[in-house]
Participant: 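Before I ask anything, let me first share the structure, which is written out below as structure tokens.
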Amino acid sequence: VQLQASGGGLVQAGGSLRLSCAASGTIFSLDVMGWYRQAPGKQRELVATITSGGSANYADSVSGRFTISRGNAKNTVDLQMNSLRPEDTAVYYCYARRITVRAGVRDEYDYWGPGTQVTVSS
């Protein structure tokens, strides 16, 4: 499975950006898709995830400002980022998880995209 993100860039504080990610290389629906981010000198952290059923989860720092959604095309995910702040500056990574259950055994397969830079100037 390959993940390809688009939509990063430079924006002023208070502005908006929209990230999109599309998965290829699988015929299966990905159970979870979402976004993580990593700022310089910090650990990678969750931004938002959404299940194939549409259940979304947000980091407290972005709740109310960011909206995640599954795209109309299969295995795509979008992140609408509003009211951006300088502290949102980071490399944003698209993430996906496929869950399988065989003979009662659950396996999880995680996939990562190469990252896209988001820079918010003050």
Participant: Answer whether the closest heavy-atom distance between the side chains of Gln80 and Ser16 falls below 4.5 Å.
Facilitator: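 In contact.
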Participant: In the structure I gave you, are the side-chain heavy atoms of Thr51 and Thr49 within less than 4.5 Å of one another anywhere?
Facilitator: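 Thr51 does not reach Thr49 side chain to side chain.
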Participant: For the OG1 atom of Thr67 and the CG atom of Leu79, what is their distance to the nearest 0.5 Å?
Facilitator: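 With rounding to 0.5 Å, OG1 (Thr67) is 8.0 Å from CG (Leu79).
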Participant: Do you know the tightest heavy-atom contact between Cys94 and Ala5?
Facilitator: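 Shortest heavy-atom separation between Cys94 and Ala5 comes out as CB-CB, 4.4 Å.
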Participant: Could you check whether any side-chain heavy atom of Glu45 comes within less than 4.5 Å of a side-chain heavy atom of Tyr36, counting everything from C-beta outward?
Facilitator: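 With C-beta onward as the side chain, the pair stays apart.
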Participant: Side chains of Phe66 and Asn82: does their closest heavy-atom pair fall under 4.5 Å?
Facilitator: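 A side-chain contact under 4.5 Å is absent here.
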Participant: Report yes or no: do Leu46 and Val118 belong to one cluster of Ile/Leu/Val/Met/Phe/Trp/Tyr joined by side chain heavy-atom distances under 4.5 Å?
Facilitator: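 They do not share one cluster, since no chain of ILVMFWY contacts under 4.5 Å joins Leu46 to Val118.
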Participant: Would you be so kind as to tabulate the donor-acceptor pairs closer than 3.5 Å made by side chains of residues 84-92, with sequence neighbours excluded?
Facilitator:
residue : atom : partner : partner atom : Å
Asp88   : OD1  : Arg37   : NH1          : 3.0
Asp88   : OD1  : Arg65   : NH2          : 3.0
Asp88   : OD2  : Arg65   : NH1          : 2.8
Asp88   : OD2  : Arg65   : NH2          : 3.4
Asp88   : OD2  : Arg85   : N            : 2.8
Thr89   : OG1  : Pro86   : O            : 2.9
Thr89   : OG1  : Val120  : N            : 2.9
Thr89   : OG1  : Val120  : O            : 3.4
Tyr92   : OH   : Arg37   : NH1          : 2.9
Tyr92   : OH   : Asp88   : O            : 2.6

Participant: Is the closest side-chain heavy-atom distance between Arg70 and Ser52 below 4.5 Å?
Facilitator: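 They are in contact (side-chain heavy atoms under 4.5 Å apart), so the answer is yes.
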Participant: Just wondering, do Leu19 and Val77 contact through their side chains at under 4.5 Å, heavy atoms?
Facilitator: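 Side-chain contact under 4.5 Å: no.
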Participant: Which pairs, with at least one residue in residues 108-117 and sequence neighbours excluded, count as a side-chain hydrogen bond (donor to acceptor under 3.5 Å, both in side chains)?
Facilitator: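 side-chain hydrogen bond (donor to acceptor under 3.5 Å, both in side chains) check on residues 108-117 returns Tyr95-Asp110, Arg97-Glu108, Arg97-Asp110, Arg106-Glu108, Gln117-Thr119.
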Participant: Hydrophobic clusters here meaning ILVMFWY residues chained together by side-chain heavy-atom distances under 4.5 Å, can you tell me if Leu17 and Val47 are in one?
Facilitator: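 Yes, same cluster.
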Participant: What distance separates Ser20 OG from Gln4 CD, expressed to the nearest 0.5 Å?
Facilitator: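 So the gap between those two atoms works out to 11.5 Å.
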Participant: Lys74 side chain to Ile27 main-chain N or O, any donor-acceptor pair under 3.5 Å?
Facilitator: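 Yes; judged by distance alone, with no hydrogens or angles, the pair exists.
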Participant: Tell me if a side-chain donor or acceptor on Tyr58 pairs with a main-chain N or O of Ile68 at a distance below 3.5 Å.
Facilitator: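 It does hold such a pair.
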Participant: Is a donor on one side and an acceptor on the other found under 3.5 Å between the side chain of Asn75 and the backbone of Phe28?
Facilitator: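 Between the backbone of Phe28 and the side chain of Asn75 there is a qualifying donor-acceptor contact (under 3.5 Å).
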